[in-house]
Amino acid sequence: MKPRLITFKKLSPSFYRQPTLDVAKALLGKILVRSIEGGQIAGRIVETEGYIAATDAACHAYRGETARNRSMFGPAGTAYIYRSYGIHWMLNIVTEPEGEAGAVLLRALEPLETLEQNLHTLRRNRANANRALEKKLTVVQLANGPGNLTKAFAIDRRLDGVSLQSDELFIATAPEVSATDVVVTTRVGITQGRALPWRYFIKANPFVSKGRPS
DNA sequence: GCGAAGATTGGCT
DNA sequence: GCCAATCTTCGCC
């Protein structure tokens, strides 16, 4: 039975004030919600990575504040969005107190099938009017990578610096994922900080991205 | 002012 | 497995 309406409860600001790696772990299982024209789209977070400026050379803010990474220095619980490889937008959740920089990269989502029109809207966003692609995309492919999920959720630089207490983009509460179901590895696609085990994903979840630890 | 590199993806060999 | 696509930012000349 698919409910016609789902009420989402936003994670409180205090959730994001936990240490970065605690937030990265605790975000697993939570629901990313995006309000756009035509309704809400949502997905369950199944893969994250932590980045901490103070000790982590892979973090964009390791060498201090710049124009690009400015929102990472803002209050915990805001969005940090940047362009990757000239092609993809990456969505991060800012952590650490204002003035210090840290963030959690959202790497993969499991689309909610119980939300009306959700898969249809995600497919449309991913395919971007390409009818052939729209038909080909499986549910797994809709948001199983950091660049794919921003495309599916219509997320770009316009949302950089937005508070996650806003209605257009927020994260909703959901039952905690059991510690035995969380897998910890090193991060994907980086050249610095390769040894740090700061990637988290839900064990055996088919929506986790295909990126291998570097 | 300019060049190199990047927290990726998908298609082809 | 390898590689191109594409563009913004940063760091250095």
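Chain identifiers are assigned alphabetically (A, B, ...) following the order of the sequence lines, protein sequences preceding nucleic acid strands; residue numbering begins at 1 within each chain.
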Student: Rounded to whole Å, how long is the line connecting atom CE of Met72(A) with atom P of dT9(C)?
Tutor: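 Taking CE of Met72(A) and P of dT9(C), I get 13 Å after rounding.
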Student: Rounded to whole Å, how long is the line connecting atom CG of Leu133(A) with atom P of dG10(B)?
Tutor: 9 Å
Student: What is the distance from CZ of Arg212(A) to P of dT8(B), rounded to the nearest Å?
Tutor: 12 Å
Student: Taking only the C1' atom of each, what is the distance from dA5(B) to dC3(C) in whole angstrom?
Tutor: 16 Å
Student: Quick one: pull up NZ in Lys25(A) and CD in Glu176(A) and give me the separation to the nearest 0.5 Å.
Tutor: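 If we round to the nearest 0.5 Å, Lys25(A):NZ and Glu176(A):CD are 10.5 Å apart.
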Student: Could you list the residues that satisfy salt bridge (charged side-chain N to carboxylate O under 4.0 Å, His left out) with Arg34(A), not counting sequence neighbours?
Tutor: none
Student: Over how many whole Å does the gap from Ile52(A) atom CD1 to dA7(B) atom P extend?
Tutor: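 Nearest whole value for this atom pair: 16 Å.
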Student: Check every strand shown and say whether Arg126(A) touches a base, only sugar-phosphate, or nothing at a heavy-atom separation below 4.0 Å.
Tutor: sugar-phosphate
Student: Using a cut-off of 6.0 Å, state whether more than 12 heavy atoms not belonging to Gln165(A) lie near its atom CD.
Tutor: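 It does: Gln165(A) CD has more than 12 such atoms within range.
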Student: With Arg157(A) as the cation and Trp89(A) as the aromatic partner, state whether NZ or CZ is under 6.0 Å from the six-membered ring centre and within 45° of the axis.
Tutor: no
Student: Between Ser71(A) and Asp160(A), does any side-chain donor sit less than 3.5 Å from a side-chain acceptor?
Tutor: yes
Student: Could you identify which residues of residues 89-99 of chain A place a heavy atom less than 4.0 Å from some atom of DNA chain B, listed by residue number, or say none?
Tutor: Met90(A), Asn92(A)
Student: If a pair satisfies salt bridge (charged side-chain N to carboxylate O under 4.0 Å, His left out) and one of its residues is in residues 191-200 of chain A, list it, with sequence neighbours excluded.
Tutor: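 Applying salt bridge (charged side-chain N to carboxylate O under 4.0 Å, His left out) to every pair that reaches into residues 191-200 of chain A, excluding sequence neighbours, yields Glu47(A)-Arg199(A).
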Student: Looking at every strand, decide which applies to Thr191(A) at a 4.0 Å heavy-atom threshold: base, sugar-phosphate, or nothing.
Tutor: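 Thr191(A): backbone/sugar contact only, no base atoms under 4.0 Å.
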Student: With DNA chain B as reference, determine whether Ile190(A) or Leu137(A) sits nearer its 5' end, using the nearest nucleotide of each.
Tutor: Ile190(A)
Student: State which residues pass ring pair (Phe, Tyr, Trp, His ring centres under 6.0 Å) with Phe170(A); sequence neighbours excluded, sorted by chain then number.
Tutor: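 Residues passing ring pair (Phe, Tyr, Trp, His ring centres under 6.0 Å) with Phe170(A): none at all.
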Student: Ignoring backbone atoms, test whether His60(A) places a side-chain nitrogen or oxygen under 4.0 Å from the OP1 or OP2 oxygen of dA7(B).
Tutor: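 For His60(A), the contact criterion (side-chain N or O under 4.0 Å from OP1 or OP2 of dA7(B)) is met.
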Student: Specify the closest pair of heavy atoms between Ala79(A) and Val94(A), including all atoms of both residues, with the distance to one decimal.
Tutor: C-CG2, 4.2 Å
Student: Could you pull out the protein-nucleic contacts involving nucleotides 4-6 of chain C (nitrogen or oxygen on both sides, under 3.5 Å)?
Tutor:
residue	atom	partner	partner atom	Å
dT6(C)	O2	Tyr85(A)	O	2.3

Student: Side-chain N or O of Arg157(A) versus OP1/OP2 of dT9(C): is the shortest distance under 4.0 Å?
Tutor: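 Yes, such a contact exists.
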Student: Taking atom CG of Asn148(A) and atom CG of Leu122(A), what is their separation to the nearest 0.5 Å?
Tutor: 11.5 Å
Student: Between dT8(B) atom C1' and Arg187(A) atom CZ, what is the distance in whole Å?
Tutor: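 Computing the Arg187(A):CZ to dT8(B):C1' distance gives 16 Å.
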Student: When the aromatic ring centroids of Tyr82(A) and His60(A) are compared, is their separation below 6.0 Å?
Tutor: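 When the ring centroids of Tyr82(A) and His60(A) are compared, they turn out to be within the sub-6.0 Å range.
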Student: May I ask you to establish whether Arg187(A) and Tyr51(A) are in a cation-pi arrangement, using a distance under 6.0 Å from NZ or CZ to the six-membered ring centre and at most 45° from the ring axis?
Tutor: yes
Student: If we take the P atom in both dA4(C) and dA4(B), what is their distance in whole Å?
Tutor: 16 Å
Student: Rounding to an integer number of Å, can you tell me how far Glu65(A) CD sits from dT9(C) P?
Tutor: 14 Å
Student: Take N1-N3 plus N6-O4 or O6-N4 for Watson-Crick, N1-O2 plus O6-N3 for G-U, both under 3.5 Å. Which runs of 3 or more such pairs involve DNA chain B?
Tutor: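 Stems (3+ consecutive pairs) listed as B:1-6 with C:7-12, B:8-12 with C:1-5.
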Student: Whole angstrom is fine here: how far is it from CG in Asn69(A) over to C1' in dG11(C)?
Tutor: 14 Å
Student: Atom CG of Asn148(A) and atom P of dG11(B): how far apart are they, to the nearest Å?
Tutor: 11 Å
Student: Glu110(A) and Asn205(A): side-chain donor and acceptor closer than 3.5 Å?
Tutor: yes
Student: Reckon Arg107(A) has a side-chain N or O less than 4.0 Å from the OP1 or OP2 of dT8(B)?
Tutor: yes
